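Remarks on the structure that follows.
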Amino acid sequence: MNEEQIILEVKNISKTFPGVKALSNVNLKVRKGEVLAVVGENGAGKSTLMKTLSGVFYPDHGSGGIILDGKTVSFSNPLEAKKAGLILIFQELSLVSELSVAENIYLGNLPRTKRGLIDWRRLNEMAGKIMADLELDIDPRELVGNLSISRQQMVEIARALSMGAKVVIFDEPTSSLTEAEKEILFMNIRKLKEKKVSVIYITHKMDEVFQITDRVEVLRDGQNTGSLVTAEVQLEDITKLMIGRILDDYFHKNQAVKGKEVLKVENLSKAGLFENISFSIRKGEVVGLYGLVGAGRSEVAETIFGARQPDSGRVWINGKEVSIRSTEQAVKIGIGFVPEDRKEQGLVLKMSCKENISLAKLPWIKNRGFLDTAVEMEMYEEYKDKLSISTPGAYQKVVNLSGGNQQKIVIAKWLSMTPDLLILDEPTRGIDVGSKAEIHKLIAKAAESGYAVLVISSEMPEIIGVSDRIIAMRSGRVTGVFTDAEVTETTLLKAIAHV
Amino acid sequence: MQLSVIKKKALGFAEKQGLVIAFLLLVIFFSIASDVFLTYGNIILVLRQVSILGIIACGMTFVIIGGNFDLSVGSLTSLTTVVVISLHDKIGPIPAMIVALLVGMLSGTLAGYLIGYLKLNSMIITLGLLGVIQAVTLIYTGGKYSRLTDPDETWFGFIGRGFVLGIPFPVIILAVVIIIFAVILMKTVFGRQLLAVGGNQVASKFSGIKETRIIMLTFIASGLVTGIGGIVLGSRIMAAQNYIGEGYEFQVITGVILGGTSLTGGEGNIFKSFLGILIVGMLMNGFILLGFPYYTQWVAQWVILVVVVWIDIASKRGKVLA
C-alpha cells in the first residue's frame with residue numbers, strides 16, 4: 001500500500017465502557033478516494049469505532065491514535081472532527097426539517113450581508129452550485145421536511161462536501177431507502193470518489209458491500225478479523241470472518257401442514273393509504289407482504305391489528321367476522337404484532353428484559369388481583385432459553401441490548417401470547433447476519449407450531465426465503481399473488497415497481 | 001486508581017440516596033438554627049401541613065409518570081373544600097364528603113378525557129382548568145366565605161383535627177393513601193401498564209395496552225385524592241375560603257419532582273414523592289421559624305426546582321455520553 005495515499009489511519013485504538021471492552025487495538029487504513037466497507041455483527045464495535053473517530057467518544061487513555069492527512073489528531077467533539085474534514089452521516093439524519101435545503105447545508109456558516117443579515121441570494125447561489133456539482137435536481141429553497149428520506153440524505157452529502165470533507169462516514173445509509181433511491185445514493189458515493197473524497201461505509205447488507213465498496217474491513221467483538229479487497233472475495237469469506245462460522249441454513253423453510261383459514265381480509269380500504277385489499281392466511285402458513293416503502297404494507301398490517309381504523313372492508317378471524325377497534329381487542333382476539341420500528345413501537349427502552357417480555361400478557365398474569373411476578377420471571381427464563389436471548393439478566397434494561405437481542409425480546413413478547421395470527425413488520429431490519437438467520441428460523445418454527453404468519457419485508461431474498469405465498473403491493477393496491485413455486489425475483493420486481 | 005473507585009462509589013451512593021441525605025442535612029440545619037424545630041409540637045405541625053400536600057402528591061405522581069402534569073389541583077382543592085363545607089349542614093357530613101370526592105373525580109375525568117383520548121397537551125388543558133375551577137368555585141359561593149354553623153356539634157372535625165394514639169388523623173389518612181398508591185404502582189397490572197405508557201406510549205399501544213384509558217385514569221386518581229385533600233383541609237379549618245388551595249399545584253409538583261419522578265415519564269416512586277413533599281413542607285416551616293417572610297419560600301422552592309430539574313437533565317446527558 002502506498003503510504004502517501006493514506007488519508008486516514010487508525011492505530012491501535014481501544015475503547016472501554018463500564019464492564020465492556022467495545023474496541024480492542026483496532027486498526028484501520030483508508031486510502032484517498034476509496035470506499036471502505038466496515039462490516040460486522042451488531043455489537044462488533046462498528047458504530048463505536050466511527051463515533052470514536054468522529055469525536056463523539058474519546059478513545060481509552062494512551063491507546064494509540066488517529067492520523068488524518070498525515071497529522072495526528074484528537075477530537076473532543078463532532079464539530080472539531082467536521083472542521084478537520086471527517087464527517088459522520090448518522091443513521092438518523094440530522095437535518096432541521098423546518099429550514100430550507102440551502103440553510104441546512106450552510107447552517108452555522110450562513111453568508112451575511114454587510115448589515116449582518118442573512119444574504120439569501122448568495123446562500124441560494126452557493127447551495128445551487130453544490131447541487132449542480134452533484135447533478136441533483138433539488139431546489140435550494142425547498143424545505144427539507146418536504147423531501148423524501150433519500151433526498152434528505154443527498155442534502156447531507158452536499159453539506160459534507162460544502163464543509164470540505166476528506167472522509168465521509170455512512171452508517172447504515174440504506175435502511176430506509178427503496179431500491180431506486182439506493183441507486184441514487186450509490187451514484188452520489190461514486191461522485192464523492194471521483195472528487196477524491198474517501199468513504200467509510202458501515203452496513204449489514206452484503207449485497208451492498210459488493211455493489212459499492214473497494215475494500216472490506218471486518219470487525220468481530222471489537223477486534224479486526226480481516227482486511228479484504230472486495231473484488232477478490234466471496235460472500236462466504238466475509239460472513240465467515242464476521243461470525244466465525246459459515247451460515248449454511250440462512251433461510252429456513254417452514255414445513256408445516258397448512259390448516260384452516262385463520263385470517264381473511266376482504267376489500268379493506270383506507271383513503272390515501274390502501275384500497276380493496278383482499279387476502280387470507282391459513283394455519284401454519286407464512287405469507288409475505290412485499291412492496292416498496294410507502295406501498296401501504298405497514299398500514300394494512302396496523303389496520304388488521306386495530307392500531308388504525310379502515311374506511312371500509314371486512315375482516316374474519318378463525319371464520320368469525322370481527323371489527324377490531326383497538327390493539328387491546330386485537331390482542332384478545334389472538335393477534336400478535338412485531339412492529340417495524342423496534343425502539344419506537346416495539347419496546348419500552350427504560351424497562352427491563354423481563355418487563356418487556358410480559359408487556360402484552362400483563363392482564364393474564366394476575367394472582368388475586370396482583371401482578372404475579374413469579375410467573376413473569378418464569379416467562380423470562382423460558383423465552384431467554386427458547387430464543388437464546390443473550391442478556392446479563394432479567395433486570396437488564398433493553399436499551400443496553402444489541403439490535404438482534406432487542407428484536408428477540410419483542411418476538412418473545414408475542415410468542416408468549418400464543419397468538420393465532422402473528423404479524424412481523426420488517427423483522428430483521430438493522431440486525432446482524434447471525435441474528436437474522438435465527439429470526440428466520442423462529443418465523444418458520446412459529447408456523448410449524450400452528451400460527452398463521454404475515455411477514456412484511458423490503459428485502460427480496462428474505463421475503464422469497466421465508467414465505468409460502470407472497471402478496472405484492474404497489475401504491476396501496478395488491479398487484480400480484482405468487483406461490484413459493486412460481487415466484488422469481490423478476491416477476492416480483494415487476495409487480496411492485498412503478499411502471 | 002483506588003481513589004477514583006471510591007469517588008465513583010460515593011457518587012453512585014449520593015445519586016441513589018441523595019434525597020435522604022438532603023432531607024437529613026435539612027433536619028440537622030434547622031434543628032441547629034431553631035430551638036423549636038425538633039419539638040413534638042412543631043413536628044406534628046409540619047406533618048399535619050404536609051399530609052394534605054402528600055395525599056395530593058400521590059395522584060400527581062401517577063399523572064407525571066404518565067408523562068403529563070396536573071396544574072388544576074390547587075383550585076380543585078379550593079372547590080372541594082368549599083363543597084364539603086357548604087353541603088355539610090344541608091345533607092350531612094358523609095353525603096357532603098361523597099359529593100366532594102365525586103366533584104374531584106369529575107374534574108379528573110374531564111381533564112383525563114381531553115388529555116388521554118384527544119391527546120391534548122396536559123399543561124395547557126389543566127392550566128386552563130385551574131382558572132375554570134376557580135371560576136366555578138366563585139360562582140358556586142357567590143364569592144362568600146363558607147363555614148359550618150355549629151362546628152362543635154359534628155364529628156366531621158375529627159378528620160382534620162383528631163388524633164389516634166398521638167398521631168394526627170390526617171397523617172393516618174396520608175399513610176393509607178400512600179400505601180394504596182404504592183401497592184397499585186408496584187404490584188398491580190395497572191401500575192406496570194402505567195409505567196410502560198409513561199416510558200413509551202406508542203410501544204404500549206402496540207402491546208395491546210389501552211394507553212388512552214391509562215392516562216385518563218391517572219387524572220381521575222389525581223382528582224380523587226385532591227378531593228380527599230379538600231375534605232381534610234375543610235375539616236381542619238371547619239370553614240372554606242374561595243382561594244384556599246391557591247399555589248398547591250406548585251408545591252405538590254415541586255415535591256414530586258424532588259422525589260425523582262422522571263419529567264419525561266415512565267419512572268417514579270410514591271414513597272420518594274412523599275419524602276420530596278416532606279422536604280418542601282420542612283422548608284416552609286423552617287423559613288417561618290427562622291423569621292423569613294412566608295413569600296421567600298416561593299423563591300426557595302423555585303431555586304430547588306431548578307437544581308432538581310438540572311440534575312435530572314444532567315444525569316441523562318451523562319448517560320447518553322457514557
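Protein chains get the first letters and strands the later ones, always in sequence-line order, with residue 1 at the start of each. Fair warning: this is a prediction, and the values are worked out from it, not measured in the lab.
- In terms of heavy-atom pairs under 4.5 Å with chain B, the best-connected choice from V410(A), V338(A), V331(A), V348(A) is V348(A).
- Within the 3.5 Å criterion, the main-chain N or O of Q345(A) finds no donor-acceptor partner in the side chain of N200(B).
- Of the two parts of E302(A), only the side chain, counted from C-beta on, holds a non-hydrogen atom closer than 4.5 Å to a non-hydrogen atom of chain B.
- With a threshold of 4.5 angstrom between heavy atoms, A307(A) approaches chain B through its backbone and through its side chain.
- With a threshold of 4.5 angstrom between heavy atoms, F305(A) approaches chain B through side-chain atoms but not through N, CA, C or O.
- Of the two parts of L359(A), the backbone and the side chain both hold a non-hydrogen atom closer than 4.5 Å to a non-hydrogen atom of chain B.
- Counting heavy atoms of neighbouring residues, nucleotides and ligands inside a 6.0 Å radius, atom OH of Y113(B) does not exceed 12 of them.
- Around the CZ atom of F250(B), the shell of radius 6.0 Å holds more than 12 heavy atoms that belong to other residues, nucleotides or ligands.
- Proximity to chain A (any heavy atom under 4.5 Å) is shown, for I184(B), by neither the backbone nor the side chain.
- Within 6.0 Å of CH2 on W302(B) lie no more than 12 heavy atoms contributed by other residues, nucleotides or ligands.
- With rounding to the nearest 0.5 Å, the separation of OG1 in T327(A) from CD in E211(B) is 6.5 Å.
- Here V202(B) is the residue among V197(B), V183(B), V202(B) with the most heavy-atom pairs under 4.5 Å with chain A.
- Heavy atoms of Q201(B) lying under 4.5 Å from chain A are absent altogether.
- K350(A) places no side-chain N or O within donor-acceptor distance of the main-chain N or O of L195(B), the cut-off being under 3.5 Å.
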